[in-house]
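Remarks on the structure that follows.
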Number of protein chains: 2
Amino acid sequence: MAQDPHNHSQKNKPVEQMLTEQGIFVTAQRRIIAEALFARNQHITADQLLGLVNKNSAKVSKATIYNTLGLFADKGLVREIHINASKTFYDSNASRHHHFYNVDTGDLIDMKERLVPLFLQSDLPDGTVMETADVVVRVRNQTL
Amino acid sequence: MAQDPHNHSQKNKPVEQMLTEQGIFVTAQRRIIAEALFARNQHITADQLLGLVNKNSAKVSKATIYNTLGLFADKGLVREIHINASKTFYDSNASRHHHFYNVDTGDLIDMKERLVPLFLQSDLPDGTVMETADVVVRVRNQTL
DNA sequence: TTTTAGATTTAGACTAAGTCTAAGATCTTC
DNA sequence: GAAGATCTTAGACTTAGTCTAAATCTAAAA
């Protein structure tokens, strides 16, 4: 059940406030993870975040990284972007926007807002409500 | 390098023609896989296709299923739809359309064509060309 | 028709992202 | 501080997908 905090600039709030506003109980590990994750807008994998958080001495386990990213995603604080079966990014900017993925370089690039499609409730399958709308446009380097 | 055969009704062509038109050498295994895959419009996983093809006695190996689906995707005959890290569908209808994914039921549902966004070359990152544009809208069952 | 070289297929080992388990730690409230 | 809930953890486990190296197939040359 994703909330939609429309957190265009939540990165400026203390992470404690971000979490409590979404009804997330603040723990030491969640604070550490949130500090690392929301320090800036970034596209990061679970593994990269694990490394970042434990850079000097282990502080948070792999299971907690996954649990916490899942929790944050449920609450709408981060967005999961599934590129393929073995590449999932977490986007610390959860505001409404989408992505270009360069298959040659592996870069994930933000899409300009005007390119984002809108889906109305009436467009959805009967009896459903929207959770997330993800657009990934795969591009490759132009061959001259 | 995905081609775009715009194969709205390639399912009516003999599979041999579909493959040769895309420059794919026809082998026994590729014919078996293509027959099963393009018999109808379907969203199917690699594993399901492996089971379908080998229903009575083994005919095609797992490696060949993956290799062939990858080849067909490269040539634009099927579309890969990445739902999450452990769920990838192959869509035997490769024509331009997108999907709703119901997280409660696991159903993947075709999106009406008018909802499909368009991306112009000028919208893409500099020096890149579009490969595929995938839209997956995640929905959940409405709670009354 | 045999040879040859390249392409294809295969079994099964392997990889790695992510999940699970069950025990321990931590917090809340009485 | 005891009870009970929630959270964290190490490390085992699962599983989709990849890799490898040998065997097979194909087309066409000799």
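Protein chains get the first letters and strands the later ones, always in sequence-line order, with residue 1 at the start of each.
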*Within the structure, does a side-chain N or O atom of A/Gln29 lie under 4.0 Å from either OP1 or OP2 of D/dT9?*
yes
*Do A/Asp110 and A/His98 have side-chain N/O donor and acceptor atoms under 3.5 Å apart?*
no
*How far does CG of A/Leu77 sit from CD of A/Glu21, to the nearest 0.5 angstrom?*
9.0 Å
*So does B/Thr88 get a side-chain nitrogen or oxygen closer than 4.0 Å to the phosphate oxygens (OP1/OP2) of D/dG17?*
yes
*Does D/dT8 have OP1 or OP2 sitting under 4.0 Å from an N or O in the side chain of A/Thr27?*
yes
*Please state how far atom CG in B/Asn67 lies from atom C1' in D/dC25, giving the value in whole angstrom units.*
16 Å
_Distance check needed: C/dA17 P versus A/His82 NE2, whole Å only._
15 Å
*Which heavy-atom pair separates A/Ile32 from A/Lys59 by the least distance, and what is that distance?*
CD1-CB, 4.2 Å
*Examine the side chains of B/Asp47 and B/Thr45 and answer whether a donor and an acceptor come within less than 3.5 Å of each other.*
no
*Write down the distance between NZ (B/Lys87) and P (C/dA17), rounded to a whole number of angstrom.*
20 Å
_One character per nucleotide, please: for nucleotides 18-23 of chain D, 5' to 3', B when the base has a protein heavy atom closer than 4.0 Å, S when only the sugar-phosphate does, - otherwise._
BB----
*Quick one: is A/Thr64 getting a side-chain N or O under 4.0 Å of the D/dT9 phosphate, OP1 or OP2?*
yes
*Check each of A/Thr132, A/Thr88, A/Leu108 against A/Ile81 using the side-chain contact (heavy atoms from CB on, under 4.5 Å) test, and report the only one that passes.*
A/Leu108
*How close or far is atom C1' of D/dG17 from atom CG of B/Leu49, stated in whole angstroms?*
15 Å
*Report the distance from atom CD1 of B/Ile24 to atom P of C/dT8, rounded to the nearest whole Å.*
10 Å
_Interatomic distance, B/Leu52 atom CG to B/Leu50 atom CG [nearest 0.5 angstrom]_ = 9.5 Å
*If the plane angle is over 60° it's perpendicular, under 30° parallel, otherwise tilted; pick one for B/His99 and B/His43.*
perpendicular
*For B/Asp47 and for A/Ala58, find the nucleotide of DNA chain D with the closest heavy atom, then tell me which residue's nucleotide is more 5'.*
A/Ala58
_Across nucleotides 22-30 of chain C, 5' to 3', mark each nucleotide with B, S or - according to how protein heavy atoms within less than 4.0 Å reach it._
-----SS--
_For residues 77-88 of chain A, which residue pairs pass the salt bridge (charged side-chain N to carboxylate O under 4.0 Å, His left out) check, not counting sequence neighbours?_
A/Arg79-A/Asp134
_Within the structure provided, determine whether A/Val26 and A/Val15 are in side-chain contact (heavy-atom separation under 4.5 Å)._
no
*asked:* Between C1' on C/dA11 and CD1 on B/Ile65, what's the gap in Å once rounded to a whole number?
replied: 15 Å
*asked:* Distance check needed: C/dA17 P versus A/Glu80 CD, whole Å only.
replied: 15 Å
*Could you tell me the separation between the CG atom of B/Leu71 and the P atom of C/dT8, rounded to a whole number of Å?*
8 Å
